Amino acid sequence: MSWRERSPAIDLAAQLAAEPNRRLRGKSIPPVRPAAPVPPERPLGWLAALKALRQNPITAFPEGAYEARTLEIGRSGRRLLLVNDPAAIQHILVDNATNYRKSVQQRRLLQPALGDGLLTAEGEAWRSARRIAAPLFSPRAIGALFDDMSSAANAMTDRWRTRGDTSTPLDLVAEFQRLTYEIVSRTVFSGALDEDRIRVHAHMAIYFETLGRLDLAGLLNLPPWLPTPARLRARPALQAFRSVVDRVVGEREQESDREIVDLLDRLMAAPDPTNGRSLPPEAVSDNVLTFLAAGHETTGNALAWTLYLLALFPEAAERAREEVRSVFKGGSVTRSDLDRLVFTRAVINETLRLYPPAPFMGREALGPDRAGEREIPAGAQIVISPWIVHRHRGLWPQPDSFCPERFLLPGAELFPRGSFIPFGLGPRICIGQGFAVQEILTVLATILPGFRFTLADAPSVFPQARITLQPRQALAMRVEPY
Ligand code: HEM
């Protein structure tokens with residue numbers, strides 16, 4: 001049986017594509033194409049490909065990459081493999097996850113900043129940190145963070161209402177990143193980093209902007225300690241945010257009879273339930289940085305892209321706004337009713353499909369393997385790209401169009417595991433998934449009924465992949481109270 005025949009998503013795709021006018025639920029798919037590169041028909045030459053990979057990796061992949069099940073990238077002896085087949089993705093990330101570790105590229109990009117934090121650690125260091133952090137990310141614990149999320153969102157709307165000139169556009173990327181940083185610092189670290197918020201946030205942004213590009217030294221296999229120009233430029237920023245975090249950890253150490261309340265307390269005091277050991281001090285700082293970094297930019301970008309898409313598609317914006325109004329009836333947003341925002345949730349899923357905030361994941365095969373129909377040699381570097389898988393021509397009908405209804409269709413839940421992967425899959429799946437979804441829903445429910453959002457310069461919006469996917473320049477939008 002062929003790949004195309006096997007996948008329920010493809011059955012659904014075929015079913016939808018066969019309908020007259022390619023209608024989803026009786027509604028024509030809007031002709032507007034949300035901003036995205038048009039893939040070149042043929043593979044780029046190696047110099048052009050290298051340039052594209054460095055400037056904006058999502059522009060480097062030819063049309064064939066969006067049609068293939070797997071694709072070999074370049075001609076390096078080290079075998080770089082793009083994997084799109086959902087069954088192979090499920091195999092690599094879930095079924096045989098122990099045969100893989102984070103790829104060389106990901107380690108080189110993230111480890112200098114995040115050390116052995118949860119995102120970059122392997123083996124026992126990863127297992128310990130995950131077990132220690134997990135209770136704070138249970139559905140119940142996340143529910144308890146709702147009030148903090150909601151009051152941070154309300155403080156933002158108060159600021160929007162009281163600013164003098166509401167016709168001047170705001171940069172929604174900056175607005176939402178500030179908000180999500182505040183939320184993660186307040187909820188996960190009880191505000192311990194609030195005082196230095198602007199400094200830490202600014203230095204982190206400089207660091208990831210400087211080092212978040214494809215690492216040419218890595219591609220050329222140069223040793224990781226080599227002081228490349230980018231590393232030298234990023235070093236002061238790295239030292240600045242590390243020193244703040246080390247100081248905050250030191251201060252917390254002095255509070256001897258503190259109860260265990262937040263993630264920092266748990267990281268410092270709670271022993272791993274399986275071996276009774278606490279994390280070493282460097283691992284505590286690494287994890288503070290990891291949760292700050294992984295926990296705000298992704299969610300901030302997801303919010304910015306949602307507002308961009310709703311501004312492009314006013315009908316969907318009106319439907320989401322009406323849904324929020326009818327669920328909360330003009331009163332305050334409550335945790336228990338967030339689940340009733342069914343259409344708004346579909347809008348979020350469609351946004352995460354079109355603009356996955358983490359556009360690339362990387363793995364290295366420790367031993368030889370077979371994933372789907374593909375042999376994988378030991379040492380192969382695997383790229384799994386939510387950006388490409390989510391726009392795959394064989395998996396999604398109208399892959400580049402915005403159509404939240406696809407997540408409401410009967411059978412939508414049949415999309416095979418491995419075809420919709422904004423949060424990854426398997427043991428390394430995003431620990432903050434529930435946190436992020438609750439945060440995005442809370443913010444949308446707070447802002448949609450009271451404000452009109454219009455794009456100030458729609459043609460300038462274009463996705464730019466670094467470690468996360470964000471609008472290339474600011475996302476300038478007019479935000480006007482109704
Ligand atoms: C829309 C928002 C978010 C997206 C799209 C996202 C995406 C991802 C993805 C794709 C991974 C897996 C990477 C891999 O397998 O290589 C991941 C891991 C992780 N995420 Fe998120 N994330 C989001 C929000 C958050 C939040 C809010 C937090 C924390 C408060 C967080 C903390 C982490 C951590 C610590 C890991 C590493 C987990 C591990 O390896 O065990 N993320 N995230």
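These figures come from a predicted structure and were not determined experimentally. Ligands are counted one by one from 1 in listed order, and the atoms in each one are counted from 1 as well.
- Counting the atoms of ligand 1 from 1 in the order shown, those under 4.0 Å from a heavy atom of Pro357 are 5 (C).
- Looking only at protein heavy atoms, the nearest one to atom 33 (C) of ligand 1 is Ala294 CB, 3.8 Å.
- The ligand atoms of ligand 1 that sit less than 4.0 angstrom from a heavy atom of Ile431 are 34 (C), 35 (C).
- Cation-pi geometry between Arg391 and Tyr355 is met: under 6.0 angstrom from the ring centre, within 45 degrees of the axis.
- Protein heavy atom closest to atom 24 (C) of ligand 1, with residue, atom name and distance, is Thr298 OG1, 3.4 Å.
- Heavy-atom proximity to Phe137, at under 4.0 Å, picks out these atoms of ligand 1: 30 (C).
- Ranking the protein heavy atoms by distance from atom 5 (C) of ligand 1 puts Pro422 O, 3.4 Å first.
- Using 4.0 Å as the threshold, Lys102 has a heavy atom nearer than that to some atom of ligand 1.
- Between Glu72 and Arg374 there is a salt bridge, with a side-chain nitrogen of the basic residue lying less than 4.0 Å from a carboxylate oxygen of the acidic one.
- Protein heavy atom closest to atom 15 (O) of ligand 1, with residue, atom name and distance, is Arg363 NH2, 2.7 Å.
- Arg178 and Asp171 are not joined by a salt bridge, as no carboxylate oxygen comes within less than 4.0 angstrom of a charged side-chain nitrogen.
- Here Phe137 and Phe291 bring their ring centres to under 6.0 angstrom of each other.
- At the shortest separation from atom 40 (O) of ligand 1 among protein heavy atoms lies Arg428 NE, 2.8 Å.
- Atom 38 (C) of ligand 1 has its closest protein heavy atom at Arg130 NH1, 3.4 Å.
- Close placement of the Phe420 and Phe407 rings is indicated, their centers lying within 6.0 Å of each other.
- Remark: minimum distance from atom 36 (C) of ligand 1 to any protein heavy atom is reached at Leu119 CD1, 3.6 Å.
- Which parts of ligand 1 touch Phe435 is read off a 4.0 Å heavy-atom cut-off, strictly below it: atoms 27 (C).
- Looking at Gly432, Cys430, Gly117, Gly434, it is Cys430 that brings a heavy atom closest to atom 21 (Fe) of ligand 1.
- The pair Glu375-Arg79 fails the salt-bridge criterion, with no side-chain N (NZ, NE, NH1 or NH2) lying under 4.0 Å from an Asp/Glu carboxylate O.
- Taking the six-membered ring for Trp and thresholds of 30 and 60 degrees, Tyr308 and Trp305 have ring planes more than 60 degrees apart, a perpendicular arrangement.
- Classification of Arg131 and Glu124 as a salt-bridged pair holds, one side-chain N sitting under 4.0 Å from a carboxylate O.
- In this structure, Glu364 pairs ionically with Arg101, as a charged nitrogen and a carboxylate oxygen lie closer than 4.0 Å.
- Distances below 4.0 Å separate heavy atoms of Gly424 from the following atoms of ligand 1: 10 (C).
- The local environment of CD in Glu255 is crowded, with over 12 non-hydrogen atoms from other residues, nucleotides or ligands closer than 6.0 Å.
- Taking 4.0 Å as the cut-off, Val188 does not count as a neighbour of ligand 1 on heavy-atom distance.
- In summary, the atoms of ligand 1 found under 4.0 Å from a heavy atom of Gly295, numbered by their order in the structure, are 26 (C), 27 (C), 28 (C), 29 (C), 30 (C).
- Considering only non-hydrogen protein atoms, atom 1 (C) of ligand 1 sits nearest to Phe423 CE2, 3.8 Å.
- Looking at Asp262 and Arg252, a side-chain N of the basic residue comes within less than 4.0 Å of a carboxylate O on the acidic one, giving a salt bridge.
- Contact atoms of ligand 1 toward Ala436: 2 (C), 24 (C) (distance under 4.0 Å to a heavy atom of the residue).
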